[in-house]
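This one's a predicted model, so the numbers in the text were calculated from it and none came from an experiment. The basis for the numbers below is simple: all heavy atoms, side chains too, and nothing from hydrogens, waters or symmetry mates.
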Amino acid sequence: MPSASAMSGSLRRMLLLKVISKPSPSREDVQSVIELTSSKVVEALQAQAMTLYLLEGDNIAFKHVYFSPTLWAEDPSLQEEFKEKQKKLLELRLPKGTGVVGKVIENSESIFFSASTNADQMHNIAQNTGFEVSSMITVPLVAAKTIGAIQVLNKEPSSGMIEFSPEDLDVLKEVAEYSAPLLGRMMDAKFELSDKDTAKFISKFTGNELIDNKERLNDIDEKLLEVVGDAVVRREGIFPIKRLSPTACSALMANPLDYPRRESFATATEMQVEEVFVAPASLIEELIKTYFKDSGAQNDLKQDDGDVGELVDALGAEYVEQMDNDGGDGGLDDEESAPIIQLANRIVEDAYITGASDIHIEPQENELLVRYRIDGVCQEKLRLPRTATGALVARYKVMSELDIAEKRLPQDGRIVFKKYTKKNIDIDLRVATGPMNFGEKVVMRILDKSKSALPITALGFSEENLVRYRACIEQPYGMLLHCGPTGSGKSMTLFSALREIADPTINIQTAEDPIEYTIPGINQMQMHKTIGLDFSRALRAYLRMDPDIILVGEIRDQETAEIAVEAALTGHLLLSTLHTNDAPSTVARFTDMGIEPFMISTSLLVVCAQRLMRRVNKKTAVAYTPEGNEAEILQNALGWVGEIYKAADNDIGGPPMKGRVGIHELMTNSEELTKAINAGSETATLKRVAMRNGMKTLHQDSMLKVKEGTSTMVEALSNVPPDMIKGEDGVTEEMLEAAAS
């Protein structure tokens, strides 16, 4: 049997995460706590043998038995005997009251024997164990009642001590004290475990200091809380208390092993949580109420005994059960019934808390499927009865003020969610519906109004691209365009740019559909197509309102494109987006909309094509040296081959991939590029010209993220294929030269 004291840190983290992440513990979770407790006992006391007992009805069961290899060090042939003894003991059941363990459980009092003071007892114990025993400690496991005991025998020879000491007794009592309540909760569904008991257990096993009352928090940095913001604190459950450096802080967490939340916190704030204190969930909620206004309504979003996803699952199951019991639909066919209203709200709340960007309500042949898009990947969240389809879709259409009678044509609308919930969730949802073969599908994009644009340094720009991009946004006039598919981060990048250059001395005006980020000091206008307020009309109005910088959400038609170019040519900095696959394709897109090439080349400052690529979890990633095709791809893109990372095969220590990073292709204007645009050159030619002038392609930037260990080769190639740039005589050398530079 492997040494319990040698249990790895990653295994302990895995076991502990299993224990504290489930509202309904299983038998496996009970065993996890036993293994954690046993490993801690052996490690802390340097015990040569250890047994953990639990009561099962009127019997005492052996739940964990450990024998140290030092017991057979002088005679290796004894190893098999000890293994067999261990196996038999784990199958053994003793009547209540049997032996020393029985007395300890019956009286709920510890017993400490040693050969120097209790020779007779030691002799009797040695006869039962089959090896010489010099000292023994047995302590009860007491929750609401005594549920078992822990017994240790002999100090390891390497400890330098012959017998256990009174200090060892105190240590064993402490381990039993914080382990017993958790075991009690798992063995008895009626036993209520406080979050303070859970925090105590987590603190002991993670080695993080426990803070369980406000009196110990006299130095909370309120300015730090203002910088971080209540939305991040509530969403991640991380309460920062002190800034350690410009990029690091100390914080309270109920679960310091929740690395995905720590990474999400770091992404949102540009601060790593370097020092963590364990705190009961109730204390964190109390602090949020104290330091942030209107945060109490968020309490029921985070349950002490499980996440909101599990509540949604339970909610769906509850409706199915209700439907079965009533012999009907359980209120699921009526969009105004309490169950369907509650379900509609809970799905949105759950998606918001889990960090989803989109919610998909998808009718299938025999059921209704609910999926979230998280970090760019759709994940199934809930399956509901088919009978729920009409009512749930109708409820969302009512909330977004769409025509519930129209089921044959697509519709789009908007939900102001705070009108429909009592919780402190200030989000809007961009809603699109469409007829599918089994019913209407609804897709909702979550627009978090409390979220502000990230600093431009947190978007994933390479050092070279960041310098070039900053130089462009500081220009007094010209056109700055971002291109890419929906959900590629274009709006975030544009508003990060505005956040960087915003100043009381300049007038910034935006035309958006919808308004996604709110930035102080910027004038933002929401488009309303139904009354004729579109991008072109807003842009014409803005030219008469003395702007310095104009942001128009998207260039979709010739009229908007013409006004945008005019604005860029008449002393304004114009920022916008459009849908093309890469930066050079933008020129062809403008040409297709009827814009003359010389107007494009004269007004254009930079085109930034971008995508969002998932980050690899470096704590679990596996390093390797690529070979074959992977090595060739790296060599062609960067002129480099070396050690890179791939995602772990399991989620021990956290998800293999978590969070996203931007990859960028910056095509800045130049004299050579202007000539090529004016000459009507095709897109491939423009791409070669741009690369000669320093542009790194999306593929090259994705390979740079692979080289830096930010993402993986598989993730990079799934987002952007390798470049294929051909001239008259085949593949040119220009790409390799640009990469090597």
Side-chain angles (χ1 to χ4, degrees), residues 226-227 229 246 267-270 449-484 488-526 535 538-539 541-555 560 563-578 583 586 602-610 661-662 664-670 694-695:
E226 288 180 16
V227 171
T267 300
T269 62
E270 290 194 292
K449 298 170 74 174
S450 66
K451 185 189 298 182
S452 61
L454 291 173
I456 200 169
T457 53
L459 300 181
F461 279 107
S462 66
E463 291 184 12
E464 179 185 349
N465 280 344
L466 184 59
V467 171
R468 297 172 69 200
Y469 188 76
R470 276 178 160 160
C472 292
I473 63 177
E474 290 171 359
Q475 297 301 310
Y477 56 85
M479 188 160 55
L480 188 153
L481 301 172
H482 279 260
C483 60
S488 59
K490 302 186 297 294
S491 297
M492 172 63 81
T493 309
L494 283 173
F495 277 91
S496 294
L498 287 183
R499 171 179 166 173
E500 178 147 314
I501 60 179
D503 186 277
T505 63
I506 59 176
N507 178 25
I508 301 176
Q509 303 193 165
T510 75
E512 303 170 62
D513 186 21
I515 295 175
E516 294 189 44
Y517 305 99
T518 302
I519 300 179
I522 293 180
N523 306 286
Q524 297 175 267
M525 183 187 291
Q526 171 69 51
F535 287 127
L539 205 45
Y542 276 175
L543 290 177
R544 297 188 295 270
M545 297 177 71
D546 186 31
D548 294 297
I549 299 173
I550 300 173
L551 183 148
V552 58
E554 185 180 348
I555 297 176
T560 306
I563 302 171
V565 170
E566 178 187 343
L569 291 174
T570 54
H572 308 97
L573 184 64
L574 190 285
L575 292 76
S576 190
T577 71
L578 70 164
T586 303
T602 307
S603 61
L604 190 65
L605 277 176
V606 64
V607 181
C608 176
Q610 65 184 83
V661 64
H664 306 89
E665 179 178 278
L666 252 63
M667 185 179 79
T668 53
N669 208 347
S670 65
M695 182 185 83

Would you check, one step at a time, whether the test side-chain contact (heavy atoms from CB on, under 4.5 Å) holds for Asp513 with Gln526?
CA-CA 6 Å; Asp513 186 21; Gln526 171 69 51; 3.3 Å; yes

Rounded to the nearest 0.5 Å, how far does CD1 of Ile508 lie from CG of Leu551?
9.5 Å

Hey, what do you get for CZ (Arg468) to CD1 (Ile473), rounding to the nearest 0.5 Å?
14.0 Å

Kindly say whether Thr510 contributes a backbone atom to a donor-acceptor pair with the side chain of Tyr542 at under 3.5 angstrom?
yes

Can you measure from CD1 (Ile501) to CG (Leu573) and round to the nearest 0.5 angstrom?
5.5 Å

Would you call the rings of Phe461 and His664 parallel, tilted or perpendicular, where under 30° means parallel and over 60° means perpendicular?
parallel

How far does NZ of Lys490 sit from CZ of Phe495, to the nearest 0.5 angstrom?
13.0 Å

Specify the closest pair of heavy atoms between Ala567 and His572, including all atoms of both residues, with the distance to one decimal.
O-ND1, 3.1 Å

Taking Met695's backbone N and O only, do any of them form a donor-acceptor pair with Glu665's side chain (distance below 3.5 Å, no angle check)?
no

Could you list the residues that satisfy salt bridge (Lys or Arg N to Asp or Glu O under 4.0 Å) with Glu554, not counting sequence neighbours?
Arg556

For Thr577 and Gly553, the nearest pair of non-hydrogen atoms, with its separation, is OG1-O, 2.6 Å

Would Leu539 and Leu574 satisfy side-chain contact (heavy atoms from CB on, under 4.5 Å), going step by step from the backbone distance to the final call?
CA-CA 10 Å; Leu539 205 45; Leu574 190 285; 4.2 Å; yes

Result of checking Ile550, Leu498, Val552 against Leu575 for side chain to side chain contact (heavy atoms under 4.5 Å, CB included):
Leu498

Return yes if some donor-acceptor pair links the side-chain N/O of Thr560 with the main-chain N/O of Ile555 below 3.5 Å, else return no.
no

Non-hydrogen side-chain atoms of Met545 and Asn523 separated by less than 4.5 Å:
no

Is there a side-chain contact between Leu480 and Tyr469 in this structure, where contact means two heavy atoms from C-beta onward sitting under 4.5 Å apart?
yes

Results of salt bridge (Lys or Arg N to Asp or Glu O under 4.0 Å) for Glu500 - residues two or more places apart only:
Arg470

Separation between NE2 of His482 and OG1 of Thr493, rounded to the nearest 0.5 Å
5.5 Å

Give the minimum heavy-atom separation between Ile515 and Glu512, together with the two atoms involved.
CA-OE1, 3.5 Å

Atom of Ile456, atom of Ala497 and distance for their closest heavy-atom approach:
CD1-CA, 4.4 Å

Which pair of non-hydrogen atoms, one from Gly460 and one from Val661, has the smallest distance, and what is that distance?
CA-CG2, 3.7 Å

Is it true that a side-chain atom of Asp548 and a backbone atom of Asn507 form a donor plus acceptor pair closer than 3.5 Å?
yes

Could you state the interatomic distance from CG (Leu666) to SG (Cys608), rounded to the nearest 0.5 Å?
4.5 Å

Gly662 backbone acceptor or donor facing Gln610 side chain under 3.5 Å:
no

